[in-house]
Amino acid sequence: MIKIKGEIAMELKKSVQTFSNAIKSTKEFSDLIQAKRAIEKNNMLKNEVIDFNQKLSSIYSSNKPQNIIKSEAEQLFKKFDSLNKNIEVEKFLKASDEFNKMMYRTNQYMNELVQKELILK
């Protein structure tokens with residue numbers, strides 16, 4: 001857990017908690033949680049999905065250009081095509097993909113907001 005000290009840091013911590021709650025209130029998060037619960041009922045299926053999801057998260061968390069991220073994600077979906085034929089897995093993968101895209105856009109926007117202030121004029 002990250003330890004934040006000081007009065008200003010406490011305000012930042014509260015803002016981050018509020019931001020986390022806002023993310024958890026999105027449709028993308030809710031859909032992902034529902035799909036996750038369905039997958040967790042089958043251990044073998046769950047392990048396959050964990051492997052896929054780790055690889056997909058790695059793709060979306062990279063600092064690569066959007067077109068390369070999209071291409072790598074599509075390649076990964078093709079590799080796991082047989083897994084994707086399971087209806088519960090299909091729902092979970094779609095929900096994971098939508099959530100990861102939302103988080104990527106959110107991170108991009110936060111970076112833009114901060115970087116705007118750091119540009120020399």
### Query
Looking only at heavy atoms, which two atoms of Leu83 and Leu45 are closest? And how far apart?
CD1-CD1, 3.6 Å

Can you give me every donor-acceptor pair (side chain of residues 14-25, partner residue at least two apart or in another chain, under 3.5 Å) with its distance?
unit_1 : atom_1 : unit_2 : atom_2 : d
Ser15  : OG     : Glu11  : O      : 3.1
Thr18  : OG1    : Lys14  : O      : 3.0
Asn21  : ND2    : Gln17  : O      : 3.4
Ser25  : OG     : Ala22  : O      : 2.7

### Message
Walk me through whether Met102 and Thr26 qualify under side chain to side chain contact (heavy atoms under 4.5 Å, CB included).
### Response
CA-CA 10 Å; Met102 180 202 61; Thr26 64; 3.8 Å; yes

### Query
Under a single-linkage definition using a 4.5 Å side-chain heavy-atom cutoff for Ile, Leu, Val, Met, Phe, Trp and Tyr, are Ile50 and Tyr60 assigned to the same hydrophobic cluster?
no

### Task
Taking the side chain as every heavy atom from C-beta outward, state whether Lys101 and Asp97 have any pair of such atoms under 4.5 Å apart.
yes

### Message
On a heavy-atom basis, which atom in Lys55 and which in Lys79 lie closest, and how many Å separate them?
### Response
NZ-NZ, 3.7 Å

## Note on the structure
Distance col, row Thr106:OG1 vs Asn111:CG, nearest 0.5 angstrom, shows 11.0 Å

### Task
Just do the side chain to side chain contact (heavy atoms under 4.5 Å, CB included) check on Glu28 and Leu32 with the steps written out, would you?
CA-CA 6 Å; Glu28 290 87 349; Leu32 182 54; over 6 Å; no

### Summary
Sequence neighbours excluded, the answer for side chain to side chain donor-acceptor pair (under 3.5 Å) partners of Glu40 is Lys36

Residues 61-70 side chain polar contacts: donor-acceptor under 3.5 Å, at least two apart:
unit_1 : atom_1 : unit_2 : atom_2 : d
Ser61  : OG     : Ser57  : O      : 2.9
Ser61  : OG     : Ser58  : O      : 3.3
Ser62  : OG     : Ile59  : O      : 2.8
Lys64  : NZ     : Glu72  : OE1    : 3.1
Lys64  : NZ     : Glu72  : OE2    : 2.8
Gln66  : OE1    : Tyr104 : OH     : 3.4

### Task
Evaluate whether atom CG of Leu120 has more than 12 neighbouring non-hydrogen atoms of other residues, nucleotides or ligands under 6.0 angstrom away.
no

#### Entry: Separation between CD of Glu117 and CD of Gln115, rounded to the nearest 0.5 Å
10.5 Å

### Task
Look up atom CG in Asn100 and atom CZ in Arg105, then write down how far apart they are to the nearest 0.5 Å.
10.5 Å

### Rounded distance (nearest 0.5 Å) linking atom CG of Asn43 with atom CG of Asn47
6.5 Å

### Query
With a 4.5 Å heavy-atom cut-off, do Val89 and Phe52 have their side chains touching?
no

### Message
Could you tell me if the side chain of Asn86 sits less than 4.5 Å from the side chain of Phe92, heavy atoms only?
### Response
no

### Closest heavy-atom pair and its distance - Glu48, Phe80
O-CE2, 4.2 Å

### Query
Run the side chain to side chain contact (heavy atoms under 4.5 Å, CB included) check on Phe99 and Asp31 step by step: do they pass?
CA-CA 9 Å; Phe99 179 76; Asp31 290 349; over 6 Å; no

